Amino acid sequence: MALPQAREPFQFCTRLSLQEATGLAARTIPQLLKYLRAVPGSVIYHHTHRFLQEHQYLTPEPPNDFAYWVTEVLGEKALGEQLNSIDTVQLSSIRALRERLAQTLELYLKAHPPTGLRRARPEEAFHFIRTISVIFPTPYRVSDLNGFAQALEAVSINSLYYHIFESRLRLERGKNDFSFWLEEACAEARLARAVASLDPYSHTMEELRQTILRLVRQRAAELEGRCPSPSTPTNRS
Amino acid sequence: MSVTLDSYEPIVGRQVLDEIRFLAEHLKGRRVLHVNSTAVGGGVAEILNRMVPLLNELGLKSRWEVIKGGEAFFQVTKRFHNALHGRAAEFSRQDFRLFLETNAQNARTLSLEAEALFIHDPQPAALVLEKPRQGGRWVWRCHVDVSDPQADLWRFLRRYIDRYDAAIFSAPQFAKPLPIRQLLIAPSIDPLAKKNEDLSEETIREVLHRLGVPRDKPLVTQISRFDALKDPLGVIEAFRLAKRTVDCRLILAGGGASDDPEGSQVLAEVREKAGKDPDILVLELPPGSDLEINALQRASAVIVQKSIREGFGLTVSEALWKGRPVVASAVGGIPLQIAHKYSGLLSRSIDGAALCIKQLLNNPAYAKRLGENGREHVRHNFLLTRHLKEYLLVLIALEHPEDVIPL
């Protein structure tokens with residue numbers, strides 16, 4: 001059986017990034033907090049997602065830059081753990097993420113005032129950096145689940161990154177692009193939910209790609225009658 | 001065999017190269033000019049040698065010009081370099097005049113027509129005075145650490161730097177506040193260069209045999225110029241502390257002693273400190289010992305870079321690329337290359353370095369994991385292909401001031 005065609009094709013885009021210095025650097029936690037509140041959203045995005053992208057081969061613990069610096073440079077392990085365990089996947093915007101990070105620092109400083117006195121060596125200061133994202137389409141434009149799976153296998157990690165992280169959080173589209181297309185254009189609500197419920201922050205990007213591929217291929221096989229659907233009764237008891 | 005973009009496919013994968021090609025589609029025909037002060041020797045020339053033909057292969061019109069200057073000019077700019085790194089130097093008005101005259105002469109003879117011009121380091125920085133006449137977007141690509149420059153020299157250079165559209169620094173801690181945009185691009189290593197290419201076990205064995213390095217004990221290696229800032233004496237102390245509990249052999253290999261009086265002094269101190277210890281081998285490598293460095297790194301159980309001060313410290317990426325676990329000081333650009341306990345170990349003292357060496361020698365599985373992570377980190381972040389991609393991105397960023405740029 002041929003696969004149903006999506007109402008709208010899915011255009012795989014990709015996103016490459018360049019870093020720009022802001023000239024701001026913190027050596028203490030109060031300074032970190034002050035700049036965290038003041039810098040543009042693209043800076044918060046950079047420091048909460050850079051590690052993830054640069055260390056995409058690591059599992060399963062990619063910390064954000066703030067957590068890493070507080071832990072490894074200032075030696076504040078408890079605060080580092082708190083910053084690290086902020087559940088980014090539950091937050092829908094950079095504003096919300098900034099607020100949660102700032103609150104965590106504030107509460108910790110109130111409860112442990114001496115922490116505010118810790119000072120990094122000048123060469124280990126925390127430098128605030130902005131990400132410039134350049135977004136452009138790839139040649140992959142697909143209209144059914146098989147085409148989607150083939151393209152997903154061929155695109156770069158950056159494309160995955162763009163459709164999963166950047167569109168959801170930084171561009172504030174609420175959910176990742178894949179789930180949005182699967183639900184709106186393919187009427188695949190269950191598959192869309194399964195993809196949306198993956199926590200991209202606790203997988204490597206390659207694992208994430210393989211998990212989504214497995215889900216999509218399984219559903220394509222069900223639609224083509226190559227394997228039974230878990231939601232429909234089969235003749236096997 | 002000439003190197004093309006496809007030569008990198010087995011190393012970085014098709015997807016990465018495809019993406020560079022898609023991006024370059026948007027920049028086809030752009031005229032890009034690089035200007036620096038030397039055609040051979042040094043990291044900048046090495047990178048441009050590969051980068052310029054690759055940009056052309058991608059459909060841009062890329063050129064590379066080298067400024068000409070007399071011996072006196074290069075002596076002045078050598079002192080510029082030292083003073084930018086915080087080593088005091090005195091400059092006369094004549095020095096500054098010679099710098100400007102040489103730049104003006106080059107501006108008259110070089111063809112500066114391009115949509116984007118990358119002017120590398122201070123030597124040709126005053127070419128920017130031609131910007132109003134030539135047009136184009138001008139970028140000052142600074143490869144040196146200017147975080148703590150000599151004030152009078154920096155004031156002088158600022159008259160020119162401030163006229164650029166943007167500056168590029170290798171790391172945020174090397175930058176200085178400027179009124180222009182400051183982009184960040186780390187340097188890179190070329191995985192196809194002799195210093196980094198894969199070697200067979202047979203070649204490694206042959207090279208170590210020739211160098212007289214036995215392999216009966218795990219090798220702890222630091223490869224660096226014999227320079228006090230690389231702290232070879234501290235490496236010997238750390239090694240001796242580690243050796244109390246785990247048997248190993250130290251290799252200190254490097255050059256810089258034959259043509260540099262300070263280097264020979266440091267080498268003499270190293271030899272004295274090593275004494276007659278049969279487990280410390282001090283090797284003087286002549287310039288161009290790329291194969292030897294490659295083989296020594298690949299044969300090592302742990303690679304150390306215990307610098308007191310460092311530029312970007314790209315030797316760390318070279319070591320990580322060989323999948324070796326690295327213990328390095330948290331200075332200069334090294335923390336960008338090593339995330340502590342993820343892709344290597346960072347230390348801040350002799351005792352700390354000794355502890356890291358012991359941890360790695362006593363835990364081969366941990367050492368292997370850090371080494372593998374380190375290699376992947378370099379694959380994704382410090383290879384020439386990433387550098388090439390970022391040059392393309394700079395061309396786009398110069399034309400768009402915003403944070404999110406849809407093409």
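What's counted below: heavy atoms across the whole structure, side chains too, no hydrogens, waters or symmetry copies. Below, read A as the first sequence line, B as the second, and so on, with proteins coming before strands; counting in each chain starts at 1. Being a predicted model, the structure only gives us computed values, none of them experimental.
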Interface moiety of [X] toward chain A, non-hydrogen atoms closer than 4.5 Å:
X: B/E402; value: backbone
X: B/A397; value: side chain
X: B/R379; value: neither
X: B/I396; value: side chain
X: B/P172; value: both
X: B/H26; value: side chain
X: B/K341; value: side chain
X: B/I185; value: side chain

Exercise. Which heavy atom of B/A330 sits nearest a heavy atom of A/E124, and at what distance?
Worked result: CB-OE1, 3.8 Å
For this session: Provide the closest heavy-atom pair for B/L184 versus A/L18 in the form atom of the first, atom of the second, distance.
Result: O-CD1, 4.5 Å
Exercise. Among A/T14, A/T22, A/L16, A/V73, which residue forms the greatest number of heavy-atom pairs with chain B at distances under 4.5 Å?
Worked result: A/L16
Exercise. Between A/A125, A/P139, A/P137, which shows the greatest number of heavy-atom pairs under 4.5 Å with chain B?
Worked result: A/P139
Residue part contacting chain B, namely of [X], when any heavy atom lies under 4.5 Å:
X: A/E72; value: both
X: A/A154; value: backbone
X: A/V155; value: backbone
X: A/I129; value: side chain

Would the number of heavy atoms belonging to other residues, nucleotides or ligands and lying under 6.0 Å from [atom1] of [X] be above 12?
X: B/E399; atom1: CD; result: yes
X: A/E184; atom1: CD; result: yes
X: A/R217; atom1: CZ; result: yes
X: A/K175; atom1: NZ; result: yes
X: B/Y8; atom1: OH; result: yes
X: B/R21; atom1: CZ; result: yes

Problem set entry | Residue, of B/L178, B/I405, B/L407, B/V331, that accumulates the most heavy atom pairs under 4.5 Å with chain A | B/I405
For this session: Give me the ring orientation class for A/Y68 and B/Y342: parallel if the planes are under 30° apart, tilted from 30 to 60°, perpendicular past 60°.
Result: tilted
Exercise. Does the side chain to side chain contact (heavy atoms under 4.5 Å, CB included) test come out yes or no for A/I132 and B/R181, once each step is laid out?
Worked result: CA-CA 12 Å; A/I132 301 166; B/R181 295 179 80 181; 3.3 Å; yes
For this session: Please name all residues satisfying side-chain contact (heavy atoms from CB on, under 4.5 Å) with A/T71, sequence neighbours left out, ordered by chain then number.
Result: A/K77
